[in-house]
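Working notes, beginning with the structure itself.
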Amino acid sequence: MKQEKSESSAYDPKLVECSIYKEWEKSGYFNPDNLPVKKAAKPYVVYMPLPNVTGTLHMGHLLNNAIQDVVIRYRRMRGYKALYLPGTDHAGIATQFVVEKELRKQGISRFELGRDAFIKKVWEWKEKYGGLILEQLRKIGVSADWSRARFTMDESYTKDVLKAFVEYHKKGLIYRGLRVVNWCPRCGTSLSELELEHKEEETKLWHVKYPATDGGDGIVVATTRPETMLGDTAVAVSPKDSKYKALVGKIIILPIQNRKIPIVADDSIDPLFGTGALKVTPAHDITDFEIGERHKLPMIQVIDERGKMTEAAGKFAGMKTDEARVAVLNELKKLGFLVKEEPYIHNLAVCYRCGHTIEPIPSEQWFLKMSARGGSALGGKGLSQMAIQAVKSGRVKIRPKNFEKLYLDWLSNIRDWTISRQIWWGHQLPVWFCKNNKEKFVVSVEKPKACQFCKKCEMEQSPDVLDTWFSSALWPFAGLSKEDVKKYYPGNALITARDILNLWVARMIYSGIEFQKKVPFKDVYIHGTVLTKEGKRMSKSLGTGIDPLKYINEFGADAARFAAIWQATGQDIHWDEAAVMAGRKFANKMWNAAKFVISNCEGAETVKKPAGKTAADKKILAKLAAVKKRAEKNIESFELSVVLKELYDFFWHDFCDEYLEVSKMQLKENGTEKTTREILTYALFESMKMLHPFMPFVTEAVYQKLPKKEKKFIMIETW
RNA sequence: GGGCACAUAGCUCAGUGGUAGAGCGCUUCGUUCACAUCGAAGAGGUCCAAGGUCCGAUCCCUUGUGUGCCCACCA
């Protein structure tokens, strides 16, 4: 008996969420063009951070998309043409890596397949798994306009990407050059600085003597990478360093190679580190490369793109770098040049994707100029200055404010962006080389009909592809059709975690200004990262991840959303499951309170602004008005957890615990019965509306039970 | 090496220049009358440490300790 009762009275999200979502989607109201809004209604656009095609839903998505959905649902109810723009990112290296791994299980390497066949495999993968993440996002209840969903390698998107490249090039912002770049020998590509990870490595600092040619003492250098000495073309010391002053300009001998190299003075040298003398390997260290440019030093490449020693390494040729290190050290020891070794901990750069050690090697790459600008088309201001200006002037507001500093600091110390990648999956550069003269090329979206250089060859496209972020940087407008750009660009809000503030947000800002002359959005809101309860990173490989679908399936999307937003106070979240339970209970509370109100208020007048008679009436109405006002202010400044807590407190304690209990008496008395019913109906309705952005399903379910409703969905009710 | 956060109840976290708050957990009591996924009552805190400013500091300042994150070409 008891059990029967509890079963029938509890709210069961499983019974309603799926069908409600289908109804919403069928209605077409996720598409702002279908909303019953006034002609003059303003658009409000939230750009969804593009999930990777390879991705599956994790807690970060739950938090990120829940926040965005609250914002967009609120604006929709406020009468805006609310557009929540979804899409997926081809995620170059990440996707290629996953597909390669899958193929390797079958014993196939991408090189056996060849480029075209491999890319076909990736597309197959994309077709199979690319839609999965979007399906999973629907489970959260996000009201994105799926009819506008784009993929960064869609035909039209690709065209915008290539056009952007051509235009940058025309303006002199893209150039090609031989640079020492961070190279991952396993992935076979260059990586930008943001794609590196550093891990501490216990190693040694070896002191190696480079003997003099004039009978002097020579000089001792300290290094963590002795194998690169084979490519040394100088030794550098600080110009302020008195102990070496006399040596500057002298020629010394590079051991093993027996090469004569000079000692140069350079400001980048710290006289206090090691011996105060740096071996300069322009081909295998970015700083050394720069020193080499300043002193016009030759560059000798001793490590190749597979991470093996080249012919220039003499008898070490063919060895892997770590083998060569041992061999070189043995040789130095034998020859008596290894004077000292001391334990040392340094930060080893590794590939963010595969973890392989990064080898800086010289390579032809394409760059996007960050600070200076060739022409004066835009007042000579470089991309980074434009992005800095956008935030400093307040046209883009970053919240919380301390992230502004992170953004500005990064942009003001920026190097040119290496935008080419030597992988296969991505937008191939719109660069066409003459087959007979590989130095000659044309930059053009379409393949040139004839070669303008040799007049006879079929021009060949560069095998390089663009960095993934080059294309996602265009998302705010390349993700929209031409007509939509007119209607919906610029958008309003970009909500994301801090890890891609510079990787993505900064680049969207200057791309938007460069190509559309306007910043892409006004508000950037950075939320915390979801960690485990112990404060550890959630990751599949560590086994510390939690699948949000588990919560959604078991306790409902509303409960999961509640938990995410409840905990999203700005700091990183140490995820506490108890919050999901609280959300589930809250949904149940709403459901039951609604049941009470509906059954007691049949036929009650719907009054727009009921006036209270009793003290309890007045108290609840005043409180409701105050809560509503604060909710508006706080949602508009992205303080969602504050709003949710106030709504929770208001609904549970003020409305249910207090007013509902008082109403039981008031409903029995003739003098107060009518107004009580009006207020109950009104307060319930208003509460459901305010809670709808946060917990859309249960509030919609309640709305559908209301005897008098003006709209088809609470989703499009007027706040 | 630099920068930014954070340290408050058993746990996860809000908050305030003047008797300290929530969720979960815990204790006691209470089910005909929306909800036991409930209600009522309650226990539980040197607000990290030390110093400073102040009539008064958990809050502001300094220093320290601990934790997390980001940035950096120190070979």
Side-chain angles (χ1 to χ4, degrees), chain A residues 2-3 5-6 8-12 180 182 193-194 196 198 205-208 221-226 228-229 235-236 238 268-281 285-291 344 346-347 349 360 400 402-406 409-410 413 415 497-499 501-502 528-529 531-537 555-556 559 562-563 566-600 639 641-642 644-646 648-649 652-653 656-657 660-661 663-664 667-668 680 684:
Chain A
K2 205 175 177 181
Q3 230 178 355
K5 188 172 170 266
S6 75
S8 62
S9 61
Y11 169 68
D12 186 356
V180 172
N182 299 297
E193 288 173 52
L194 293 172
L196 305 184
H198 295 271
L205 192 58
W206 287 280
H207 294 236
V208 181
V221 298
T223 180
T224 54
R225 303 191 60 207
T228 64
M229 69 163 287
V235 166
S238 169
S268 65
I269 307 304
D270 174 3
L272 299 177
F273 185 89
T275 61
L278 169 74
K279 58 187 267 322
V280 182
T281 324
D285 186 287
I286 292 171
T287 308
D288 292 12
F289 175 82
E290 287 166 357
I291 296 173
Y344 186 70
H346 87 139
N347 278 330
N402 53 306
F403 288 107
E404 232 176 58
K405 186 173 147 50
L406 224 63
D409 285 355
W410 184 74
N413 301 307
R415 287 174 198 235
R498 72 176 109 62
D499 50 349
L501 176 63
N502 293 328
T529 305
L531 306 171
T532 66
K533 197 168 181 180
E534 292 73 34
K536 295 250 165 63
R537 196 163 202 91
F555 308 112
F562 175 97
W566 183 261
Q567 298 183 82
T569 55
Q571 296 303 315
D572 284 350
I573 296 169
H574 291 200
W575 185 262
D576 188 356
E577 292 207 355
V580 183
M581 300 307 139
R584 178 176 73 137
K585 279 165 51 172
F586 190 40
N588 187 58
K589 189 77 180 174
M590 283 189 244
W591 181 251
N592 282 296
K595 217 168 63 183
F596 171 85
V597 173
I598 291 166
S599 68
N600 282 287
E639 305 271 7
S641 76
V642 174
L644 183 57
K645 283 188 168 89
E646 286 195 7
Y648 177 92
D649 200 47
W652 199 303
H653 299 116
C656 293
D657 291 346
L660 233 128
E661 292 307 319
S663 79
K664 288 174 186 173
L667 283 168
K668 285 178 190 150
L680 281 172
L684 175 72

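Only this structure's heavy atoms are used, side chains among them; waters, hydrogens and symmetry mates stay out. Letters A, B, ... mirror the listed sequences (proteins, then strands); counts begin at 1.
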Using the C1' atoms only, state how far rC54(B) lies from rU62(B), rounded to an integer number of Å. 16 Å
Can you list everything that forms a side-chain hydrogen bond (donor to acceptor under 3.5 Å, both in side chains) with Asp649(A)? Sequence neighbours excluded, please. His653(A)
Nearest whole angstrom, please: distance from the P of rC35(B) to the CZ of Phe586(A). 18 Å
Does Asn592(A) have any side-chain hydrogen bond (donor to acceptor under 3.5 Å, both in side chains) partners at least two apart in sequence or in another chain, and if so, which? Asn588(A), Lys595(A)
Base, sugar-phosphate, or nothing for Gly528(A), non-hydrogen atoms under 4.0 angstrom? nothing
Going by the rule salt bridge (charged side-chain N to carboxylate O under 4.0 Å, His left out), which residues pair with Arg415(A) if we only count those two or more places apart in sequence or in a different chain? Glu193(A), Glu290(A)
Which ranges of RNA chain B pair up as stems, where a stem means three or more consecutive Watson-Crick or G-U pairs with both distances under 3.5 Å? B:1-7 with B:65-71, B:10-13 with B:21-24, B:26-30 with B:38-42, B:48-52 with B:60-64
What does Leu278(A) touch in the nucleic acid at a heavy-atom separation under 4.0 angstrom: a base, only the sugar-phosphate, or nothing? base
Quick one: label Asn347(A) by what it contacts on the DNA or RNA (base, sugar-phosphate, nothing), any heavy atom closer than 4.0 Å. base
C1' gap between rC13(B) and rA41(B), integer Å: 25 Å
For Lys405(A), enumerate each residue passing the side-chain hydrogen bond (donor to acceptor under 3.5 Å, both in side chains) test, keeping only those at least two apart in sequence or located in another chain. Asp409(A)
Between rU58(B) and rA20(B) - C1' atom distance, rounded Å: 9 Å
Categorize Leu272(A) for me: base, sugar-phosphate, or nothing, with a 4.0 angstrom heavy-atom threshold over every strand shown. nothing
Between CD1 of Ile573(A) and CG of Leu531(A), what distance do you get to the nearest 0.5 Å? 8.5 Å
Would you call the rings of Phe562(A) and Trp566(A) parallel, tilted or perpendicular, taking 30° and 60° as the class edges? parallel
Met581(A) CE - rC24(B) P separation (whole Å): 11 Å
For the P atoms, the ones on rA43(B) and on rC6(B), what distance do you get once it is rounded to whole angstrom? 32 Å
Would you mind reading off the distance between Trp652(A) atom CH2 and rG39(B) atom P, rounded to a whole angstrom? 5 Å
Expressed in angstrom and rounded to an integer, what is the separation of Ile573(A) atom CD1 from rC6(B) atom P? 15 Å
May I have the distance from Arg498(A) (atom CZ) to rG3(B) (atom P), rounded to whole angstrom? 19 Å
Base, sugar-phosphate alone, or nothing: which one does Glu661(A) contact when heavy atoms must sit under 4.0 Å apart? base
Separation between CZ of Arg498(A) and CG of Asn402(A), rounded to the nearest 0.5 Å: 10.0 Å
Contacts of Tyr11(A) that satisfy ring-ring contact (aromatic ring centres under 6.0 Å, His included) - sequence neighbours left out: Trp591(A)
Mind checking salt bridge (charged side-chain N to carboxylate O under 4.0 Å, His left out) for Arg225(A) and listing every partner two or more places apart, or none if nothing turns up? Glu227(A), Glu359(A)
Partners passing salt bridge (charged side-chain N to carboxylate O under 4.0 Å, His left out) against Asp285(A) (at least two apart in sequence or in another chain): none
Same-atom distance (P) from rG68(B) to rU8(B), integer angstrom: 15 Å
Classify the nucleic acid contact of Ala593(A) as base, sugar-phosphate or nothing, counting any heavy atom under 4.0 Å across all strands shown. base
In Å, rounded to the nearest 0.5 Å, how long is the span from CZ of Phe273(A) to CG of Leu278(A)? 9.5 Å
Any side-chain N or O of Tyr344(A) less than 4.0 Å from the OP1 or OP2 oxygen of rA75(B)? yes
Is the phosphate of rA14(B) approached by Thr569(A) (side-chain N or O, under 4.0 Å from OP1 or OP2)? yes
Interface polar pairs with nucleotides 19-21 of chain B, N/O, under 3.5 angstrom:
none

Using a cut-off of less than 4.0 Å, is there contact between a side-chain N or O of Lys664(A) and OP1 or OP2 of rA34(B)? yes
Please determine if a side-chain N or O atom of Ser9(A) lies less than 4.0 Å away from the OP1 or OP2 oxygen of rA36(B). yes
Would you indicate what Leu531(A) reaches in the nucleic acid, counting non-hydrogen atoms under 4.0 angstrom: base, sugar-phosphate, or nothing? nothing
Side-chain N or O of His346(A) versus OP1/OP2 of rC74(B): is the shortest distance under 4.0 Å? no
Sorted by chain and number, sequence neighbours left out, side-chain hydrogen bond (donor to acceptor under 3.5 Å, both in side chains) with Lys536(A) holds for none
Whole-Å distance, Glu577(A) CD to rG23(B) P, equals 19 Å
Mind checking if Arg537(A) touches a base, just sugar-phosphate, or nothing, with heavy atoms under 4.0 Å? nothing
Please produce a list of atom pairs where a protein N or O lies less than 3.5 Å from an N or O of nucleotides 58-62 of chain B.
none

Does the side chain of Lys585(A) get closer than 4.0 angstrom to OP1 or OP2 of rC24(B) through an N or O atom? yes
By the 4.0 Å heavy-atom rule, please label Asp270(A) as base, sugar-phosphate, or nothing. base
Rounded distance in Å between the P positions of rG30(B) and rG45(B): 28 Å
With Glu639(A), which residues qualify under salt bridge (charged side-chain N to carboxylate O under 4.0 Å, His left out), at least two apart? none
Distance, nearest 0.5 Å, that separates CH2 of Trp652(A) from NZ of Lys585(A): 5.5 Å
OP1 or OP2 of rA14(B) sitting under 4.0 Å from any side-chain N/O of Trp566(A)? no
Could you work out the separation of rA49(B) and rC4(B) based on their C1' atoms and round it to a whole Å? 22 Å
Nearest 0.5 Å, what's the CG-CD1 distance between Leu680(A) and Ile598(A)? 11.5 Å
Taking 4.0 Å as the cut-off, does a side-chain nitrogen or oxygen of Lys589(A) come that near to OP1 or OP2 on rG23(B)? no
What interatomic distance, in whole Å, is found between P of rU46(B) and the corresponding atom of rC55(B)? 29 Å
Let me know the distance between CG of Leu667(A) and P of rC33(B), rounded to the nearest Å. 16 Å
